[in-house]
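Only one structure is covered here, and it is reproduced in the block below.
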Amino acid sequence: MCETPSRERTLVSRPYDPHSFEEKWQAVWEAERLDAAVEDPDRPKKYVLEMFPYPSGDIHMGHVRNYSIGDVVARYFRMRGYSVLHPIGWDAFGLPAENAAIKSQTHPATWTYGNIERQAASFRRMGFSYDWDRTVRSCDVDYYRWGQWIFLKFWERGLVERKKSAVNWCPGCKTVLANEQVIGDGVCWRCKSVVEKRELEQWYFKITEYAQELLDDLETLPGWPDRVKTMQANWIGRSEGAEVDFTVCDAAGEPTEQTITVFTTRPDTLFGCSFFLLAPEHPLVREFTAGTAYAAAVQEVVQAASRETAVSRTSGEAEKLGAFTGRYVINPVNGEKVPVWVSNYVLMEYGTGAVMAVPCGDERDFEFARKYGLPIPPVVVADDDPLLGELQGVAERIMTDVPWTEAYDGPGVMVQSGAFTGLRGGKASEGMRAVTEWLAARGQGRFAVNYRLRDWLISRQRYWGNPIPVIHCPECGLVPVPEADLPVVLPMDVDITKGETLADHPEFYNTTCPRCGGAARRETDTMDTFTCSSWYYFRYCDAQNSSAIFDTAKVAYWMPVDQYIGGIEHAILHLLYSRFFTKVFRDMGLADFSEPFTNLLTQGMVKKDGETMSKSKGNVVAPEEMVARFGADALRVYILFMAPPDKDLDWSQEGLEGIYRFLGRLWRYVTEVAEQEDAATGDEGATALRRERHRVVGKVTEDIERFQFNTALSAMMELLNAANDYHRTAAPDVRDTALEREVAETLTLLIAPYAPHMAEELWREVLGHRASVHREPWPSWDPALAQAEEVEYAVQVNGKVRGRVSVPADADSATVEAAARADERVAEHLAGREVTKVVIVPGKLVSFVVR
RNA sequence: GCCCGGGUGGCGGAACAGGCAGACGCGCCGGUCUCAAAAACCGGUGGCCGAAAGGCCGUGCGGGUUCGAUCCCCGCCCCGGGCACCA
């Protein structure tokens, strides 16, 4: 701001016309490499990142919002003197490319790269300040080869597994899905088809090995929204309890050597176990019932369960079905024989697929017991339950049913529980610990923790993805591709329009075993695209490295990401997978931190008339059209002004026009001030304007720091309004033109992160500076100058505002009170009454309590 | 059912820490300029009563704490999201 404005400006006052300069500056900035990230050990760094976009081609308002937020943050930090990394790239593998290819008879690569070009052009047109040299595209072999390398490293660490189990099959995408990718009422996250269950052999990453750490470390993320952390914690679903071993009896009812282990969170209720359940898919079901009189009824339950899976879960609870297997197991705490049933409400996927049923304490067991007439002996009774009078201190079982209409799972007194009778029962109770310790001492049980989180199924039966680098050898079994043989290149000559995948491509899958040299077959599944997006932010730190995944020193400089911005829809999916990858990278020595994203901002959706914009609804507002009419700056400012970033935003054309007018007013003010002759200095109004200038700079700074871009912009509007009022009302011979110029420059600097093109045009062409506004330091402010010398106090009498008085800012409370009492209206309300209390809030208000 | 958010003028939203509710913008109304309109600029704009001064009411509903509650507590209603037979 100390530069001498150049006097040979040719541009005289002209109206705001964004089209005359926006693209000009975009070209200049790129030529000047204004936004290149530079590792500077002498400066603090900020890594600002928005979520990896899928190259769908057209940009939509959601993109505009996501990337505008990130751009303001990146530009602001640059002006604050940080070394900033703000990269972009494309999550370029995935199914839509295949679908589009089939539809338009083109290759997925053609479609994808074409879309990337179009989208990059749109991003450039929006003026987003990326370091384009760091662009990564996940379908480039230079990128995905490192994804294969990661697979091999995970393999070495025992984090890769191939196993057969019931998996989610999406009939729409014709591939399997990970659990996280089945959302809502059992539908595919991408195409919303109802997902089916299939028994298949698939590849997994063992994310469950990190379940505890993924849960615990949520507490190290104060910069994440609680909502996201809660969702992840629920997804991981840790429960504490015990494993209990039940001895299996043979068909004749005699004990055998065999045991079945169950997981329970309530070992204190073991004395209330009146039956035992197996999941329909449990392998023992067949063993127990084959050839017996029970087989038919049991088979009916098994069949019914296999029909209902996945689909019938959609609404409410499924009907509980069960059948007795004819077998018994022995309850280790009391030696009692308990009948084994099969029921559809027991899940094979959770715990051991077997459950001890305690109907008095578990609602599902209660319902089942009532339906099939099984006993419900009470064992944990609430302190105010009338039953307690009868059962308190009774160790033997004297009661096998309860007068209840539902199970009781709260805390209470243990009854009918042998040696444990009288202890406190309930979740995390002394009774639970005592029973578990007793079992552990006999080797019939132990403390245990269970998670809802399942291993991550990463194989996909699709073409357009990263090939899994494994070879199936008939002699050696599963053999990983040697590191030296990477990359396994995705062949381009697959005829996708015929629906071919790698499994239809003998030139790809016919190979030799790297171990024995014999004929072998390549794995033809590709990896889940979420594996690509789980580490791209590492690659940005060293995007062009051809000899290693990245230089760890560069990662140490830039990572972790200081501010991550993206949609809430990835609360579990991408954000959980990325946390997992980061922890494994740390254990591999590639990173010295445990969490990739220090601060997370989840932005809201952009809607139209309360509905999500979609082509099928025909309510899409195209960003390109708005840019063509109002310019990129107006669109950026509008979308940041209309709502706080984490809330949904409803599109309003009038709102955008209002912002365009605001930018026009700002433009006019700065151009008028820039052109006026220097004149007199100072009058009463100048002091107020100067104060407003300092107040607003402070306010805008605070607001950006807490992502309140809407109120930051409001404050700028306030300053502009004040500046315009002054400009209009102050007499020309006393108007402080130096101050006006300072205000004009301040406003230009403050708006620069939001409206970068206009700010640059004003700064360089109108205000006459040589260097870019985006290289200027952020304006400073003096809180003392922002302070008014007079402060207005509201005066309340019995809680109602009865007057306002102005007093000097440094007045003591006695002075303030006296001024308040002196106010005419206040005096009226105080007249003839007794003041019992006076409260003075400095700088704000005086409150009289009267009787 | 459980767990998170949220409910403020005609609309989007503001009030950061219990202290003047409605900043800023949109819309609307009135005015200036114009032959006229648009644009631009200026002024007004929570509701009710009142000529005005002023008064009363008002942040989903009902209670409570407090000199004072959009904010804290208790009990509800509605909207959005997540999870949902997880033993």
Nucleic acid contacts - residues 647-664 of chain A versus RNA chain B, non-hydrogen atoms under 4.0 Å: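 Per residue number, the list reads A:Asp648, A:Glu654, A:Gly658, A:Arg661.
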Under a 3.5 Å limit for both distances, which nucleotide forms a Watson-Crick or G-U wobble pair with [N], could you say?
N      : result
B:rG54 : B:rC49
B:rC72 : B:rG64
B:rG1  : B:rC83

Whole-angstrom distance between [N] and [M], as gauged at atom [atom1]:
N      : M      : atom1 : value
B:rA21 : B:rG46 : C1'   : 10 Å
B:rG6  : B:rG54 : P     : 38 Å
B:rG18 : B:rU59 : C1'   : 15 Å
B:rA37 : B:rU32 : C1'   : 15 Å

Honestly, is A:Arg695 close enough over A:Trp781, meaning NZ or CZ under 6.0 Å from the six-membered ring centre and within 45° of the axis?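 Judged by the rule (NZ or CZ under 6.0 Å from the ring centre, within 45° of its axis), A:Arg695 is not positioned above A:Trp781.
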With a 4.0 Å cutoff (strictly under), does any side-chain N or O of [X] reach OP1 or OP2 of [N]?
X        : N      : result
A:Arg695 : B:rA23 : no
A:Arg227 : B:rG82 : no
A:Lys837 : B:rC67 : yes
A:Asn234 : B:rC2  : no
A:Gln796 : B:rG19 : no

Nearest heavy atom decides the nucleotide; on that basis, is A:Val849 or A:Glu702 closer to the 5' end of RNA chain B? A:Glu702
Checking side chain to side chain contact (heavy atoms under 4.5 Å, CB included) for the pair A:Met432/A:Lys427: CA distance, chi angles, key distance, verdict? CA-CA 7 Å; A:Met432 169 189 157; A:Lys427 287 169 188 126; over 6 Å; no
Under a 4.0 Å N-O cut-off, is there an ion pair linking A:Arg668 with A:Glu672? yes
Look at the rings of A:Trp341 and A:Phe368 and say which category their plane angle falls in: under 30° parallel, 30 to 60° tilted, over 60° perpendicular.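 Ring orientation, 0 to 90° scale: perpendicular.
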Record whether the side chain of A:Thr230 comes under 3.5 Å of the base of B:rC4 through a donor-acceptor pair of N or O atoms. no
For a quick check under 3.5 Å, do A:Asn344 and A:Lys320 share a side-chain donor-acceptor pair by atom type?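 No, A:Lys320 and A:Asn344 have no side-chain donor paired with an acceptor closer than 3.5 Å.
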A:Gln232 CD - B:rG82 P separation (whole Å): 15 Å
For the side-chain hydrogen bond (donor to acceptor under 3.5 Å, both in side chains) test, which of A:Trp189, A:Tyr577, A:Trp456 pairs with A:Glu180?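 Filter result, single survivor: A:Tyr577.
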Does A:Lys699 reach a base, just sugar-phosphate, or nothing at all? Heavy atoms under 4.0 Å. base
For B:rG60, is chi within 90° of 0 (syn) or not (anti)? anti
